[in-house]
2 protein chains.
Amino acid sequence: MVSRLPLYLRALKQLLTDGLDVASSQSLGRRLHMTPAQIRKDLGYFGRFGKQGRGYDIPYLINELEQILGLNQEWPVALVGVGRLGRAILGYPGFNPEGFSIRAAFDSSPSVVGQNLGGIEVQSIKNMEDILRNEGIRIAVVAVPAAQTQAVIDQLVNAGVQAILNYSPTSPQAPREVKVRNVDPVMALQSMTYFLRSVPVPPR
Amino acid sequence: MVSRLPLYLRALKQLLTDGLDVASSQSLGRRLHMTPAQIRKDLGYFGRFGKQGRGYDIPYLINELEQILGLNQEWPVALVGVGRLGRAILGYPGFNPEGFSIRAAFDSSPSVVGQNLGGIEVQSIKNMEDILRNEGIRIAVVAVPAAQTQAVIDQLVNAGVQAILNYSPTSPQAPREVKVRNVDPVMALQSMTYFLRSVPVPPR
DNA sequence: CGTTGTGAACGGCTTCACAGCT
DNA sequence: AGCTGTGAAGCCGTTCACAACG
């Protein structure tokens, strides 16, 4: 499935910097806690990248996966919401090396509009739709309070944004053709406490 | 499935503050983009909480879900890694109201150890295992660089931690009985670009 | 009547297992 | 000998559909 391809890509890049140049589905599977068959099926859906008896050539497969995922280009991204969380996202160095570049930041508060944060001038959300259209930005990261999330997403959709990464603890509505992914650390914690309840306290 | 229970809980709390006191699987399903059958099956796995012809009593169901998820108590949490990301996590106000309280923070860098951040004194990672054991902390949030993640997780497991929320872009290994969840915004973005490739650029 | 709870049917993802290639 | 690619089988989560109930 597509959502596992970035996982493979990351593992392969790691193996490459470790100095390897071939990986088998078995070695990848051990690394990622998956069955080798799963990995072969996933890759087989997109092409025949392996060599029987040997495995997958790592640089070649990295390149193929980047093509498939559209990561052979840099994607301009807009950030909406420059509060505490938004600023942390602006400062996070992990997006750029993976094909994303935050090119615009928006907020509704006059106290941050106009500020220059990490080389980006925060702009008023009122001008957002025009700017997104002019810049041809198709991806947005949303880090606004829950109460404003739906309105912001409606605006983004209206401006032609097709992929949204939402950090607020909500289940926003968007047309089917617009992809939305939620980043929700609280829910991740809450789904683990269930298991802690049914397990003894660790020995001291 | 258990991982959807926090989603229901959140939606129910929202409905409650909106002034409602009963919800049907259908109304919940609309809100969360899910089939009513899915919701009834999920809830039915844990008990019979509904009333035929009416639906689910919201305050009652909230309470039941909190019991099931173990959220009727406050969970002490440790944070490991107090860099830029770690500081943002320390300052994030969203954990406390949902049953989690960051009680300790650790880092390896002498330049941050000893600092008081948001009422918590950053401690040396060398003392981490003892402190976690003494405090009975079973949940940890890991925000250290990728290269150190596995070592940190090994230490946490060693100290009896049973649930780990990992912010670094890695696939760390842990014993089966230790739950690990990854927060990975980059992978979320990368799995969306695949769809952008196969879709026309939005009209300007 | 509206809605739950649930067995049965369905569908899709995962694993198996092996032929075929290197 | 080692490993891929892939049909077939198996499994598990989702949806259907309806009896039961307020």
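Below, all heavy atoms of this structure are taken into account, side chains as well, without hydrogens, waters or symmetry copies.
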Exercise. Of all nucleotides in DNA chain C with an atom under 4.0 Å from a non-hydrogen atom of chain B, which is the first and which the last going 5' to 3'?
Worked result: C:dG2 to C:dA8

For this session: Could you list the residues that satisfy salt bridge (Lys or Arg N to Asp or Glu O under 4.0 Å) with A:Glu129, not counting sequence neighbours?
Result: A:Arg133

Problem set entry | Contact residues, residues 14-27 of chain A to DNA chain D [heavy atom, < 4.0 Å] | A:Ser24, A:Ser25

For this session: Determine, for nucleotides 5-14 of chain D in 5'-to-3' order, which nucleotides have protein heavy atoms under 4.0 Å from the base (write B), from only the sugar-phosphate (write S), or from neither (write -).
Result: BBBB-----S

Seminar exercise, completed: Hits for side chain to side chain contact (heavy atoms under 4.5 Å, CB included) against A:Ser108, two or more places apart or cross-chain, chain-then-number order -> A:Ile125, A:Gln148

For this session: Tell me, please, which residues at least two apart from B:Tyr60 pass ring-ring contact (aromatic ring centres under 6.0 Å, His included).
Result: none

Problem set entry | Contacts of A:Arg138 that satisfy salt bridge (Lys or Arg N to Asp or Glu O under 4.0 Å) - sequence neighbours left out | none

For this session: Using ring-ring contact (aromatic ring centres under 6.0 Å, His included) as the criterion, list what pairs up with B:Tyr194, not counting sequence neighbours.
Result: A:Phe46

Exercise. When the distance from CD1 of B:Ile39 to P of D:dC16 is rounded to whole Å, what number comes out?
Worked result: 14 Å

Seminar exercise, completed: The side-chain hydrogen bond (donor to acceptor under 3.5 Å, both in side chains) partners of A:Asp107 (sequence neighbours excluded) come to none

Exercise. According to the salt bridge (charged side-chain N to carboxylate O under 4.0 Å, His left out) rule, which pairs have a member within residues 47-73 of chain A, sequence neighbours left out?
Worked result: A:Lys13-A:Glu66

Problem set entry | With A:Asp154 via side-chain hydrogen bond (donor to acceptor under 3.5 Å, both in side chains) - residues at least two apart | A:Gln150

For this session: Using a 4.5 Å cut-off on heavy atoms from C-beta on, say whether the side chain of A:Met34 contacts that of A:Ile39.
Result: yes

Problem set entry | Contacts of type ring-ring contact (aromatic ring centres under 6.0 Å, His included), residue B:Tyr45, not counting sequence neighbours | none

